[in-house]
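The sequence lines fix the lettering, A, B, ..., with proteins before strands; numbering per chain opens at 1.
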Amino acid sequence: MGATSVRIAELGAAVGQSVEIRGWVLSLRKSGGIRFVVVRDGSGQVQMVLREKDVSPEVWEASAGLSQETSIIARGRCRADARAPSGVEIDLDDVEVVGQSGDYPIQPKEHGVDFLLDHRHLWLRSQRQAAIMRVRSRFEQAIRNWLDDQGFIAADTPILTPSACEGTTTLFETTYFEQKAYLSQSGQLYNEALAQALGKVYCFGPAFRAERSKTRRHLIEFWMVEPEMAFTDLDGCLETVEQMLSYAIGQVVERCPDDLRLLGRDPEELAQVRPPFPRISYDEALGILREQGLEIPWGEDFGAPHEAAISERFKLPVFVHRYPTSAKAFYMKPDPERPEVVLSADLLAPEGYGEIVGGGQRIDDYDLLLRRLREHDLPQEDYDWYLDLRRYGSVPHSGFGLGIERTLAWMLKLEHVRETIPFPRMLYRLRP
RNA sequence: UCCUCGAUAGCUCAACGGUAGAGCAUCCGGCUGUUAACCGGAGGGUUGCAGGUUCGAAUCCUGCUCGAGGAGCCA
């Protein structure tokens with residue numbers, strides 16, 4: 001043998017050498033005594049050339065059956081070639097079929113969404129989808145690295161929970177032996193307990209919302225990173241958001257520029273996403289909306305068109321802070337100078353992608369928190385432990401949740417969040 | 001849950017009241033630089049389901065099923 005196994009992405013360094021490629025056939029083009037096989041291996045794709053006069057009759061015969069997605073081990077010599085998109089080609093002298101493929105459903109042409117999602121297990125093999133998965137991996141890794149460097153402790157919060165985190169009606173119910181249980185829609189309340197134990201913590205996991213919601217921004221199961229920090233106010237929280245997000249985007253720009261270009265996002269454009277992000281108050285946002293003819297009464301939350309109109313004014317993601325108390329969750333801390341608004345903020349992504357972060361400062365006063373629970377008709381016994389956090393050394397604390405899929409959809413200019421997760425869970429779609 | 005749109009060959013679509021078609025894919029043949037290759041040939045259909053109108057329905061009407069986009073809600 002003598003050939004070393006090489007990933008296609010590394011072929012540039014292997015020009016002139018004998019290499020072994022292990023991958024899947026993308027296409028076979030036959031033209032008399034010469035055949036072109038394009039192969040991919042997860043790191044990239046390369047064209048391999050077979051000449052009838054240069055290979056054994058057995059290899060020539062076998063190469064005729066290299067149908068789309070047949071898995072192969074191929075050996076040959078790597079050669080620079082100006083005609084190749086990647087600059088290199090391989091002159092094959094041996095090819096071994098590992099697993100034959102026939103009648104592959106997904107062709108290199110346009111397909112409908114329904115068909116592609118039904119074949120998600122195969123769709124993931126396509127160039128664009130693989131690129132998205134690589135970026136997702138880098139992005140998540142960068143977030144973890146940044147949090148780790150800043151002294152955050154990863155603390156995984158439970159997925160099976162005894163009650164609603166935020167008291168909404170949109171939870172998936174399941175059974176926990178003889179009790180009812182619910183799939184978590186956020187790890188935040190547990191994070192608050194962990195922050196008092198460890199100072200700075202985060203959870204990174206799936207969240208479940210049983211909303212009968214079907215838009216390009218929604219998944220039933222999605223992933224969130226939720227940092228929570230003791231002794232931190234709203235301003236400290238927002239700084240953490242912008243630092244973490246711009247670092248992670250910077251890592252993606254640095255490590256996946258080709259994938260970004262393939263997906264139609266200019267890496268240079270993304271590299272401009274650096275702190276500080278603009279900050280406007282809810283009141284100022286209402287002013288922008290009024291100018292655009294999208295007036296809403298004070299106290300109401302924004303809908304998707306409103307978020308889009310606001311974010312269109314900015315090149316960077318924009319924080320909207322100090323929402324009306326009535327529009328936000330029970331645990332948000334009122335602004336001491338203006339109790340009708342809370343010390344919360346949402347981060348709206350540019351280009352109409354909408355909210356990608358929600359967070360803020362939490363109520364640290366026992367009596368106020370108890371009052372809010374009652375105002376929201378939440379069962380106090382479910383929140384006894386949460387109230388305890390305000391009885392034993394309560395501190396000002398803040399945190400936020402960043403939606404991985406929405407952020408990726410924006411970064412990668414995608415039409416829909418469903419392409420940013422390997423197997424999307426959507427209304428009416430549980431398979432594969 | 002509501003509003004809008006859609007369903008015809010494996011895929012993407014055409015036929016819009018008068019015999020259901022094309023491109024791609026598949027199979028067979030040809031071609032020594034192709035790159036969504038090209039050229040020739042073949043197979044492939046209960047037009048989502050059920051009813052109705054009509055001499056005649058893929059086409060018009062009703063109901064249902066499945067899906068998509070959006071709204072509300074949210075990351």
Side-chain angles (χ1 to χ4, degrees), chain A residues 26-39 45-54 60 64-65 67-69 81-86 89 91 101-119 122-123 126-127 165-166 168-171 185-188 205-226 241 245 300-308 327-329 346-349 353-359 400-410 415-418 420-421 426-429 431:
Chain A
L26 270 173
S27 70
L28 169 69
R29 281 182 290 272
K30 296 191 279 191
S31 184
I34 187 167
R35 289 173 181 167
F36 302 94
V37 186
V38 180
V39 65
Q45 54 182 270
V46 69
Q47 175 163 279
M48 310 194 293
V49 187
L50 248 101
R51 287 168 214 276
E52 185 170 18
K53 62 181 171 59
D54 292 341
W60 184 252
S67 52
Q68 190 184 1
E69 290 305 319
D81 193 312
R83 289 169 293 192
S86 66
E89 276 190 354
D91 289 321
S101 164
D103 223 353
Y104 188 68
I106 299 181
Q107 299 166 38
K109 59 175 266 190
E110 297 266 329
H111 290 285
V113 173
D114 191 33
F115 176 80
L116 288 171
L117 286 171
D118 282 343
H119 294 83
L122 302 176
W123 187 22
S126 73
Q127 222 184 141
C165 217
E166 306 185 15
T168 64
T169 56
T170 58
L171 295 170
Q185 60 173 197
S186 163
Q188 186 210 309
F208 307 88
R209 307 264 165 103
E211 291 276 355
R212 292 196 174 275
S213 171
K214 41 177 306 174
T215 76
R216 66 184 65 192
R217 302 179 303 283
H218 277 90
L219 293 171
I220 303 300
E221 177 184 296
F222 65 98
W223 286 68
M224 255 196 315
V225 57
E226 295 179 276
V241 172
L245 183 56
E300 256 181 42
D301 207 349
F302 304 130
H306 309 110
E307 287 184 354
K328 288 291 167 182
D346 288 351
L347 184 66
L348 308 183
Y353 280 91
E355 184 182 352
I356 55 175
V357 172
F400 64 93
L402 178 142
I404 298 298
E405 290 80 12
R406 280 192 185 176
T407 307
L408 283 167
W410 159 56
E415 281 294 307
H416 199 299
V417 291
R418 63 190 163 210
T420 64
I421 188 167
M426 301 186 293
L427 190 61
Y428 310 134
R429 199 176 278 283
R431 299 194 166 77

Between [atom2] of [N] and [atom1] of [X], the distance in whole Å:
X: A:Leu28; N: B:U26; atom1: CG; atom2: C1'; value: 14 Å
X: A:Gln127; N: B:U35; atom1: CD; atom2: P; value: 17 Å
X: A:Glu69; N: B:A25; atom1: CD; atom2: P; value: 15 Å
X: A:Ile34; N: B:U32; atom1: CD1; atom2: C1'; value: 5 Å
X: A:Glu221; N: B:C74; atom1: CD; atom2: C1'; value: 16 Å
X: A:Asp54; N: B:G33; atom1: CG; atom2: C1'; value: 14 Å
X: A:Met48; N: B:U34; atom1: CE; atom2: P; value: 19 Å
X: A:Arg429; N: B:C66; atom1: CZ; atom2: P; value: 13 Å

Do [X] and [N] share a donor-acceptor pair, side chain to base, under 3.5 Å?
X: A:Ser213; N: B:G72; answer: yes
X: A:Glu52; N: B:U32; answer: no
X: A:Arg406; N: B:C74; answer: yes

Closer than 4.0 Å, any side-chain N/O of [X] to the OP1 or OP2 of [N]?
X: A:Arg35; N: B:C31; result: no
X: A:Arg83; N: B:G33; result: no
X: A:Arg209; N: B:G72; result: no
X: A:Arg51; N: B:U32; result: no
X: A:Arg217; N: B:A71; result: yes

For this session: Treat a base pair as Watson-Crick or G-U wobble with both distances under 3.5 Å, then lay out RNA chain B in dot-bracket form, 5' to 3', with | for cross-strand pairs.
Result: (((((((..((((....[..)))).(((((.......))))).....(((((..]....))))))))))))....

Seminar exercise, completed: Sorted by chain and residue number, the ring pair (Phe, Tyr, Trp, His ring centres under 6.0 Å) partners of A:Phe302 (sequence neighbours excluded) come out as A:Tyr282, A:Tyr323

Return the nearest nucleotide to the side chain of [X]; candidates are [options].
X: A:Tyr428; options: B:U34, B:A68, B:C74; value: B:A68
X: A:Asp103; options: B:A25, B:A75, B:G33; value: B:A25
X: A:Lys30; options: B:G33, B:U35, B:C31; value: B:C31
X: A:Lys214; options: B:U35, B:A68, B:G72; value: B:A68

List in chain and number order the residues that pass side chain to side chain donor-acceptor pair (under 3.5 Å) with [X], two or more places apart in sequence or in another chain; answer none if no residue qualifies.
X: A:His306; value: none
X: A:Asp91; value: A:Arg79
X: A:Thr215; value: A:His218

Problem set entry | A:Tyr104 (side chain) donor-acceptor with A:Leu122 (main chain) under 3.5 angstrom | yes

For this session: Just grab all the side chain to side chain donor-acceptor pair (under 3.5 Å) pairs involving residues 27-36 of chain A, residues at least two apart or on different chains.
Result: A:Arg29-A:Gln47, A:Arg35-A:Ser63

For this session: Scan for salt bridge (Lys or Arg N to Asp or Glu O under 4.0 Å) pairs involving residues 45-54 of chain A, sequence neighbours excluded, and state none if there are none.
Result: none

For this session: Could you pull out all residues at least two apart from A:Glu355 that satisfy side chain to side chain contact (heavy atoms under 4.5 Å, CB included)?
Result: A:Glu307, A:Asp346, A:Leu348, A:Arg406

Exercise. Considering only the C1' atoms, how many Å lie between B:G17 and B:C31, rounded to the nearest integer?
Worked result: 47 Å

Exercise. If the sugar-phosphate is the primed atoms plus P, OP1 and OP2 and the base is the rest, what is the B/S/- string for nucleotides 4-12 of chain B, using protein heavy atoms under 4.0 Å?
Worked result: ------BBS

